[in-house]
**Q** 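Quick one: the structure is below, questions incoming.
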Amino acid sequence: MREHGPHLEVAQAVSIGLTICAALTPEDAYNMCAALRKIPQILLDRYTAVGHWLLEQLPYLREILPHLNNDKAAMMLFGKYVDRHARAGRANDLRTLKKNLHGWVPITRIDHPNDSDAAPLVFSPFKKDGTFDNERANWGWNSTCASLTFLHSFMEQVRCGHICMNHVGFPAFLYDLDAMDVVSSNPKDFEIGLFRGPMMISAFRCIWTSPDSATKPPGAKGKGRASISRMHGITDVTAEQIAYIACLMRHVLSSETSWDKQNVKIFDGAAFFNNIVKLLSKRRRLLNEVRDLYRL
C-alpha cells in the first residue's frame, strides 16, 4: 500500500475500490452505491487503482469478491483489516527513519549572518549545549531551499506567521546541497538538484532496501532480512515511491509528535504527495535522471 501514499484513507479506499472492481462498469457501481456519485473523480480513480492492486496481490480475492460485494459489513471489515496493516507498515517506516537518521544527516554550515569574521554556523545536525538536539524541526530542513541562506531571519518570520510553510513548495532536504545557491538566486530553476538530496536518497534506500544500505552506492544490497522491495518483487523506482519517502521525511523533520495530529490546514500531506507524483509523471526526463540515484 506504500505506493498509494501514506495519507490514503485505506479502509475507505479498499471498500470503495473493490466495489467498483466488482461491477461490470462504473455506471453499474454507481447504481449499486449511489454515494459513489458524491465522491470526486480523482479519488474514485485512486480507489479503483487500489482495488485493482489488491486483486493482483491477492489472487484468491477475485473469487470471493462477489460475496464481499453483497455483504457491505464484511467489505468494511476487510477494509479495516487492510488499513490496520497499512498503518503498522507506515509506523514501522517512521520508526526506522527516526532510528537511523542521525547516521546520515549531512553536516551543513552557513556563514554567520551578522559577522563575516565569525566561524560558520552549524545548523544541521543542530546541537544545544554540546548535545544533539532531538527537536528535528530546529535543523531547518523543512524550510524552503531558497531560505537556507538566511536561516535565522527566515525562522523568525515562520514563528511570527509572516511565512507559511505548506505543501506547495519543496523542502530543502529534497535538494542536492550544491544546488541550493542556484535555486536561491533563481526560484524558476527549482528543478535543479531536486530529489537529489543526500538525506532523501539515504531515507529512500533505508526503507525500500535496508538501513544498512542507506549510505551505500545505488544498487548495493544490505544485510539482514529481505528488504521491502525484494519481498514484493519491486525492481523499478517510481514517482510514488519517491513521494512516499518525501512525505515520511517531511514528518520526521518536523516537530509533530504523532502522525495523526498533522493539521491539514497548515500542511496538506496528501496534496504534497500528489504534487510530487504529478511533477515526476509530467517531467519524465527528471524522473529518469534521478532514478539511478535511487536504484534498488
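Below, all heavy atoms of this structure are taken into account, side chains as well, without hydrogens, waters or symmetry copies. The model shown is predicted, which means the values in this text are computed figures rather than measured ones.
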**Q** Set out, in order, the CA-CA distance, both residues' side-chain angles and the distance that settles side-chain contact (heavy atoms from CB on, under 4.5 Å) for L253 and L101, then state yes or no.
**A** CA-CA 10 Å; L253 292 169; L101 176 65; 4.0 Å; yes
**Q** Can you tell me how the ring of F272 sits relative to the ring of F170, calling it parallel under 30°, perpendicular over 60° and tilted otherwise?
**A** tilted
**Q** Could you note down all residue pairs passing salt bridge (Lys or Arg N to Asp or Glu O under 4.0 Å) where residues 81-92 supplies at least one of them, sequence neighbours left out?
**A** D83-R87, R87-D260
**Q** Quick check: closest heavy atoms across V277 and S281, and the distance to 0.1 Å?
**A** O-OG, 2.6 Å
**Q** At what distance, to the nearest 0.5 angstrom, does OH of Y244 lie from CE of M1?
**A** 10.5 Å
**Q** Would you say that L61 contacts L68 through its side chain, given a criterion of any heavy-atom pair below 4.5 Å between the two side chains?
**A** yes
**Q** Tell me whether I20 is reachable from L58 by hopping between hydrophobic residues (I, L, V, M, F, W, Y) whose side-chain heavy atoms are closer than 4.5 Å.
**A** yes
**Q** Counting C-beta onward and ignoring hydrogens, is there a side-chain heavy-atom pair between I242 and L287 closer than 4.5 Å?
**A** yes
**Q** Which heavy atom of A246 sits nearest to which heavy atom of I276, and what is that distance?
**A** CB-CD1, 3.6 Å
**Q** Could you state the interatomic distance from CZ (F273) to NE2 (H7), rounded to the nearest 0.5 Å?
**A** 9.0 Å
**Q** Without swapping roles, check the side chain of N92 against the backbone of A88 for a donor-acceptor pair under 3.5 Å.
**A** no
**Q** Can you check whether P211 reaches T96 side chain to side chain, under 4.5 Å on heavy atoms?
**A** yes
**Q** What is the minimum heavy-atom distance between A214 and S202, and which atoms define it?
**A** O-OG, 3.1 Å
**Q** Group every Ile, Leu, Val, Met, Phe, Trp and Tyr by side-chain heavy-atom contacts under 4.5 Å, then state whether I16 and I64 land in the same group.
**A** yes
**Q** Does the side chain of K99 come within less than 4.5 Å of R95's, by heavy atoms?
**A** no
**Q** Is there a side-chain contact (heavy atoms from CB on, under 4.5 Å) between Y175 and I192 once you walk through the steps?
**A** CA-CA 8 Å; Y175 281 91; I192 297 178; over 6 Å; no
**Q** Would you say E191 and R283 make side-chain contact, with heavy atoms under 4.5 Å?
**A** yes
**Q** Tell me, please, which residues at least two apart from Q41 pass side chain to side chain contact (heavy atoms under 4.5 Å, CB included).
**A** Y30, L44, D45
**Q** Going by salt bridge (charged side-chain N to carboxylate O under 4.0 Å, His left out), name the residues that satisfy it together with R196, two or more places apart in sequence or in a different chain.
**A** E289
**Q** How far does CG of L174 sit from CZ of R250, to the nearest 0.5 angstrom?
**A** 11.0 Å
**Q** Is it true that a side-chain atom of D71 and a backbone atom of H67 form a donor plus acceptor pair closer than 3.5 Å?
**A** no
**Q** Check whether N69 reaches the backbone of L65 with its side chain - one donor and one acceptor, N or O, closer than 3.5 Å.
**A** no
**Q** Output the distance between atom CG (L97) and atom CZ (F204), rounded to the nearest 0.5 Å.
**A** 12.0 Å
**Q** Assess, by modelled atom type and distance only, whether the side chains of R46 and N274 contain a donor and an acceptor separated by less than 3.5 Å.
**A** yes
**Q** Will you find, in the side chains of R291 and N288, an N or O donor that is under 3.5 Å from an N or O acceptor?
**A** yes
**Q** Measuring only between side-chain heavy atoms, which start at C-beta, is P198 closer than 4.5 Å to F173?
**A** no
**Q** Drop me the distance from M75's CE to K80's NZ, to the nearest 0.5 angstrom.
**A** 14.0 Å
**Q** Is it true that a side-chain atom of T48 and a backbone atom of G17 form a donor plus acceptor pair closer than 3.5 Å?
**A** no
**Q** Specify the closest pair of heavy atoms between C21 and G51, including all atoms of both residues, with the distance to one decimal.
**A** SG-C, 3.7 Å
**Q** Please lay out, stage by stage, how V50 and L18 fare under the test side-chain contact (heavy atoms from CB on, under 4.5 Å).
**A** CA-CA 8 Å; V50 170; L18 289 178; over 6 Å; no
**Q** Would you say that K72 contacts T19 through its side chain, given a criterion of any heavy-atom pair below 4.5 Å between the two side chains?
**A** yes
**Q** Using only atom types and a distance under 3.5 Å, with no angle test, would you say the side chain of S15 pairs donor to acceptor with the backbone of Q12?
**A** yes
**Q** Count I, L, V, M, F, W, Y as connected when their side-chain heavy atoms are under 4.5 Å apart, and connections chain through other members. Are Y60 and L77 then in the same cluster?
**A** no
**Q** Can you hop from W53 to V10 via hydrophobic side chains spaced under 4.5 Å?
**A** yes
**Q** If only atom types and distance count, is the side chain of Q241 paired as donor or acceptor with the main-chain N or O of Y294 below 3.5 Å?
**A** no
**Q** Taking M76 as the starting point, is it possible to reach V82 by hopping between hydrophobic residues whose side chains are less than 4.5 Å apart?
**A** no
**Q** I need the I245 CD1 to R2 CZ distance, nearest 0.5 Å.
**A** 8.5 Å
**Q** Can you find a heavy atom in the side chain of L293 that is under 4.5 Å from one in the side chain of F195?
**A** no
